[in-house]
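Structure, as structure tokens:
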Protein chains: 2
Amino acid sequence: MDNDLGKILKQQRITVPLTLQELAAQSGVSSSHLGRIERGERFPSARILRKISRPLGFDEDELFTLAGFLSPQTPGVAEESSWYSGRQLDPYVARMLAEEPPEIQRSVIGVLSLIKSIARSLPR
Amino acid sequence: MDNDLGKILKQQRITVPLTLQELAAQSGVSSSHLGRIERGERFPSARILRKISRPLGFDEDELFTLAGFLSPQTPGVAEESSWYSGRQLDPYVARMLAEEPPEIQRSVIGVLSLIKSIARSLPR
DNA sequence: ATTATAATTTGCCAAATGGCAAATGTCAAC
DNA sequence: GTTGACATTTGCCATTTGGCAAATTATAAT
């Protein structure tokens, strides 16, 4: 039941968005294997993680950390480590948004707060 | 012939210095497996590399790079802005989004591309 | 040289990985 | 409904990984 990685990978694939076959084509990993990884039937090797990191918009070391291959704190330039605790911006998101002109970037925030206000008025 | 990693690992083990058995004891990897890795009969998995990195005095990511699991220079987690092309991210937008949990951040991108696809199908 | 002891290698095996092809599911158009 | 085009899952299999124990090879010490 402790399958974060599979869920994270699937979540990211869905939101990119990609199908298993498309991800397979872009990464060179078979779709059946990818599927099994997502639902926790197989554990991805470093080679596989490396192959799928780019198409999914992850940094290589990011996936390695999630897989437990690499310790949470990234050496490099000392930086705040608790990264997935939500204090920091997802690199993929940052990269995508940076492609947009500034006014679009800001309206994204507007849409987000709109959605959140809708959520607040929803029966729970 | 094409075995840098094995030689490097052995060289490092010799100069530490350690025997295969000592390294096995400190790392929790069997000495027979370590021996095979050194002479290139087996290729170490990420899990094994992680276990032997400390006793050998390597940084984890260092061995991963030598093994070809990680690209030569991995940028730190937070400063990819240097290699994103073109525009940059509005600091206000970045700060707002960073407050959200990662899955929300990513679904924002999904919403954005949805909106863009709708926009493209609109009469001008 | 002959032990004793430590270090390395080999044989064998269980478990895991990952691909291919067939089976199954899903969903829209007709 | 049926069909067809996808996407996902499953069955099966080759390959690889990594451990254990036995065999071999140093390395001393007497």
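Residue numbers start from 1 in every chain, and the chains themselves are labelled A, B, ... in the order their sequence lines are given, proteins ahead of strands. Source: prediction; values computed, not measured.
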To the nearest angstrom, how far is A:R39 atom CZ from D:dT9 atom C1'? 5 Å
Could you give the CG-to-P distance, from B:L9 to D:dG18, as a whole number of Å? 13 Å
Under 3.5 Å, is there a donor-acceptor pair linking the side chains of A:S71 and B:R50? yes
Could you check whether any side-chain N or O of A:T15 sits under 3.5 Å from a backbone N or O of A:P17, counting only pairs where one atom can act as donor and the other as acceptor? no
State whether B:R47 places a side-chain N or O below 4.0 Å from either non-bridging phosphate oxygen (OP1 or OP2) of D:dT16. no
Rounded to whole Å, CZ of B:R42 lies from C1' of D:dG18 at a distance of 7 Å
Between B:S53 and B:E62, a side-chain donor and acceptor under 3.5 Å: no
Does B:R13 have any salt bridge (Lys or Arg N to Asp or Glu O under 4.0 Å) partners at least two apart in sequence or in another chain, and if so, which? B:E38
Given side chains that start at C-beta, do those of B:I8 and B:L66 come closer than 4.5 Å, heavy atoms only? yes
To the nearest angstrom, the CZ-P distance between A:F43 and D:dG18 comes to 13 Å
Along DNA chain C, first and last positions that approach a heavy atom of chain B under 4.0 Å: C:dA7 to C:dC12
For B:T19, does its backbone N or O pair with a side-chain atom of B:E22 as donor and acceptor, under 3.5 Å? yes
Could you state the CD-P distance from B:E41 to D:dT16, rounded to the nearest angstrom? 13 Å
Once you round it to whole Å, what is the distance between P of D:dT17 and CG of B:L5? 12 Å
B:I48 CD1 to D:dT16 P, straight-line distance once rounded to whole Å: 17 Å
Scan B:T19 against the nucleic acid and name what it touches under 4.0 Å (heavy atoms): base, sugar-phosphate only, or nothing. sugar-phosphate
Side-chain contact check for B:S45: nearest option of D:dT17, D:dT9, D:dG19 is D:dT17
Quick check: on DNA chain D, is the nucleotide nearest A:K10 upstream (toward 5') of the one nearest B:H33, or the reverse? Name the residue that is more 5'. A:K10
Quick one: does A:E60's side chain get under 4.5 Å of A:L63's, heavy atoms only? no
Whole-Å distance separating the CZ atom of A:R36 from the C1' atom of D:dT8: 11 Å
